[in-house]
Number of protein chains: 2
Amino acid sequence: MENLEAVARAERNPDQTRQRILEAAFMEMYRNGFQGMRLDEVIAATELTKGALYHHFPNKRALGYAVVDEVIIPTVEAVWLQPLKSSAEPLQGLIDVIEQMPDNEHKPPEMIRYGCPLNNLAQEMSPLDEGFRQRLDYAFRVWQDVIQQTLERAQQKRHIRAGVNCEEVATFIMAAMEGCIGLAKNAQSMERLHVCNRGLIQFIRSLQPQK
Amino acid sequence: MENLEAVARAERNPDQTRQRILEAAFMEMYRNGFQGMRLDEVIAATELTKGALYHHFPNKRALGYAVVDEVIIPTVEAVWLQPLKSSAEPLQGLIDVIEQMPDNEHKPPEMIRYGCPLNNLAQEMSPLDEGFRQRLDYAFRVWQDVIQQTLERAQQKRHIRAGVNCEEVATFIMAAMEGCIGLAKNAQSMERLHVCNRGLIQFIRSLQPQK
DNA sequence: TTAACGACAAACCAGTTGGTATGTCAATAG
DNA sequence: CTATTGACATACCAACTGGTTTGTCGTTAA
């Protein structure tokens with residue numbers, strides 16, 4: 001009785017099944033893009049069936065949206081935003097996040113090989129699908145806000161000059177980070193990521209007051 | 001006789017046919033990515049047939065490679081590199097190129113809507129196909145070299161500090177440019193491109209000697 | 001004059017893809 | 001005890017997609 005229930009619970013757990021689908025779909029989208037993701041591959045990875053997938057998601061697009069909302073955005077928040085929010089030294093915290101970028105989130109090769117999941121999807125889908133675009137734009141704006149707040153904290157501590165336009169600079173830093181990752185991904189070179197990041201850090205340091 | 005030849009030449013011009021295919025394929029790839037490009041759409045745009053397409057290109061991938069080699073790379077050279085090479089004032093020339101970015105190459109909306117053809121393809125294909133990756137990596141390196149040479153000229157003219165590492169900075173500038181375009185594309189906002197570009201120009205100005 | 005060839009056209013094909021219709025089965029409500 | 005429902009499984013399909021085969025026709029070389 002107990003045993004049977006346990007088995008049944010293990011085999012039939014809708015929330016867990018849904019989560020497995022989301023994670024498999026994320027990996028497929030990360031590697032092949034949304035258009036390149038094949039539902040058959042998601043099914044194979046989850047060891048489920050097409051019926052199961054279409055029970056949880058009405059179509060491919062809805063699955064893609066759910067991956068953005070429930071996987072990508074929470075991951076960005078956890079990996080990029082949380083460390084910034086919680087750093088006591090805002091400017092150094094920002095530099096630390098950039099320097100630790102390659103080690104973060106996924107194993108190092110993953111990031112060099114496939115780039116940033118958020119930006120990948122944005123570049124692929126934003127001209128093609130307004131639903132994707134809006135979701136990804138939201139993610140970028142949240143991210144930018146956190147960078148901006150970090151810069152403003154640094155400004156209050158006199159770690160960067162008073163004349164610096166924090167909103168403008170935050171926009172640029174975020175764009176530059178994505179640019180660095182993209183370039184390193186195309187070169188398939190960790191060295192290139194480091195070189196590029198050093199340029200970015202040099203920019204951030206240039207915001208400091210001249211002694 | 002003359003007339004017949006002229007008609008025949010107009011209707012049967014292999015080089016021109018090939019070029020028409022390349023241009024139509026480029027537009028399809030620019031809008032939908034390589035994987036998203038449908039050969040049927042290329043055929044429809046050229047008003048040719050599948051037989052004609054496969055007469056000029058052995059398969060889809062070879063067509064994609066040819067688009068990179070014969071359309072994208074020459075365009076990058078003409079639009080981005082030539083102005084830099086020929087500018088008498090290197091540093092201001094670099095800034096001008098960035099400021100005129102939205103107007104350049106294609107009509108303004110085109111660039112905001114679909115981004116940079118080179119970077120789009122790089123982000124989509126570099127993890128999936130080594131042939132694409134190498135071609136696009138070559139394009140990025142040529143581009144970077146030109147920026148680096150421009151910076152070195154500026155350095156000789158004492159327009160930027162002697163201590164600046166021109167290779168590192170060139171890498172970063174190129175990455176940041178792509179990042180700015182990508183961000184603006186996701187936001188579908190020209191204003192955002194300008195904001196982001198101002199950050200980049202601020203960085204370039206920070207390389208100047210302090211007075 | 002004719003055989004070969006280059007440049008395409010038309011028709012066709014096999015594999016893949018997103019999506020659907022139907023069936024099964026255990027849990028739960030009444 | 002039974003009807004219903006949620007959570008899947010199985011089988012299937014129409015549309016599409018890259019690619020191939022075969023055919024046409026004007027030009028060119030021998």
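Labels below follow one simple rule: chain letters A, B, ... track the order of the sequence lines, proteins then strands, and each chain is numbered from 1.
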- For DNA chain D, the dot-bracket notation using Watson-Crick and G-U wobble pairs below 3.5 Å, [ ] for pseudoknot-type crossings and | for other-strand pairs, is ||||||||||||||||||||||||||||||

- A:Arg38 side-chain N/O to A:Gly36 backbone N/O, donor-acceptor pair under 3.5 Å: yes

- Judged by atom type as modelled, is there a donor-acceptor pair below 3.5 Å linking the side chain of A:Tyr30 to the main-chain atoms of A:Gly115? yes

Can you measure [X] atom [atom1] to [N] atom [atom2] for me and round it to whole angstrom units?
| X | N | atom1 | atom2 | answer |
| --- | --- | --- | --- | --- |
| B:Ile43 | C:dC8 | CD1 | P | 14 Å |
| A:Leu53 | D:dC8 | CG | P | 11 Å |
| B:Phe57 | C:dA7 | CZ | P | 13 Å |
| B:Arg20 | C:dA7 | CZ | P | 15 Å |

Run the side-chain donor-acceptor check on residues 164-175 of chain A: report pairs under 3.5 Å with partners two or more places apart or on a different chain.
{"residue": "A:Asn165", "atom": "OD1", "partner": "A:Glu167", "partner atom": "N", "Å": "3.2"}
{"residue": "A:Asn165", "atom": "OD1", "partner": "A:Glu168", "partner atom": "N", "Å": "3.1"}
{"residue": "A:Glu168", "atom": "OE1", "partner": "B:Arg198", "partner atom": "NE", "Å": "3.0"}
{"residue": "A:Thr171", "atom": "OG1", "partner": "A:Gln144", "partner atom": "NE2", "Å": "3.0"}
{"residue": "A:Thr171", "atom": "OG1", "partner": "A:Glu167", "partner atom": "O", "Å": "2.9"}

Check whether any side-chain nitrogen or oxygen of [X] sits under 4.0 Å from OP1 or OP2 of [N], and answer yes or no.
| X | N | value |
| --- | --- | --- |
| A:Thr17 | D:dC8 | yes |
| A:His56 | D:dC8 | yes |
| B:His55 | C:dA7 | yes |

What protein N or O atoms touch nucleotides 17-23 of chain D N or O atoms at under 3.5 angstrom, if any, and at what distances?
{"residue": "D:dG18", "atom": "OP1", "partner": "B:Met37", "partner atom": "O", "Å": "3.3"}
{"residue": "D:dG18", "atom": "OP1", "partner": "B:Lys60", "partner atom": "NZ", "Å": "3.3"}
{"residue": "D:dG18", "atom": "OP2", "partner": "B:Leu39", "partner atom": "N", "Å": "3.2"}
{"residue": "D:dG18", "atom": "N7", "partner": "B:Lys50", "partner atom": "NZ", "Å": "2.9"}
{"residue": "D:dG19", "atom": "OP2", "partner": "B:Tyr54", "partner atom": "OH", "Å": "2.7"}
{"residue": "D:dG19", "atom": "OP2", "partner": "B:Lys60", "partner atom": "N", "Å": "2.9"}
{"residue": "D:dG19", "atom": "O5'", "partner": "B:Tyr54", "partner atom": "OH", "Å": "3.4"}
{"residue": "D:dG19", "atom": "O6", "partner": "B:Lys50", "partner atom": "NZ", "Å": "3.3"}

- Query: Partners of B:Tyr114 by side-chain hydrogen bond (donor to acceptor under 3.5 Å, both in side chains), sequence neighbours excluded?
  - Reply: none

- Under the side chain to side chain donor-acceptor pair (under 3.5 Å) rule, what pairs show up with a residue in residues 43-59 of chain B, not counting sequence neighbours? B:Asp40-B:Lys50

Can I get a per-line list of side-chain donor-acceptor pairs under 3.5 Å for residues 176-190 of chain A, giving both atom names and the distance, sequence neighbours left out?
{"residue": "A:Lys185", "atom": "NZ", "partner": "A:Asn120", "partner atom": "OD1", "Å": "3.1"}
{"residue": "A:Lys185", "atom": "NZ", "partner": "B:Gln123", "partner atom": "O", "Å": "2.6"}
{"residue": "A:Lys185", "atom": "NZ", "partner": "B:Gln123", "partner atom": "OE1", "Å": "3.3"}
{"residue": "A:Asn186", "atom": "OD1", "partner": "B:Asp137", "partner atom": "N", "Å": "3.3"}
{"residue": "A:Gln188", "atom": "NE2", "partner": "A:Lys185", "partner atom": "O", "Å": "3.4"}
{"residue": "A:Ser189", "atom": "OG", "partner": "A:Glu191", "partner atom": "N", "Å": "3.3"}
{"residue": "A:Ser189", "atom": "OG", "partner": "A:Arg192", "partner atom": "N", "Å": "2.9"}

- Task: Could you verify whether a donor N or O on one side chain and an acceptor N or O on the other, from A:Gln92 and A:Asp96, lie under 3.5 Å apart?
- Result: yes

- Query: Does one side chain, of A:Tyr138 or A:Asp69, offer a donor that lies under 3.5 Å from an acceptor on the other?
  - Reply: no

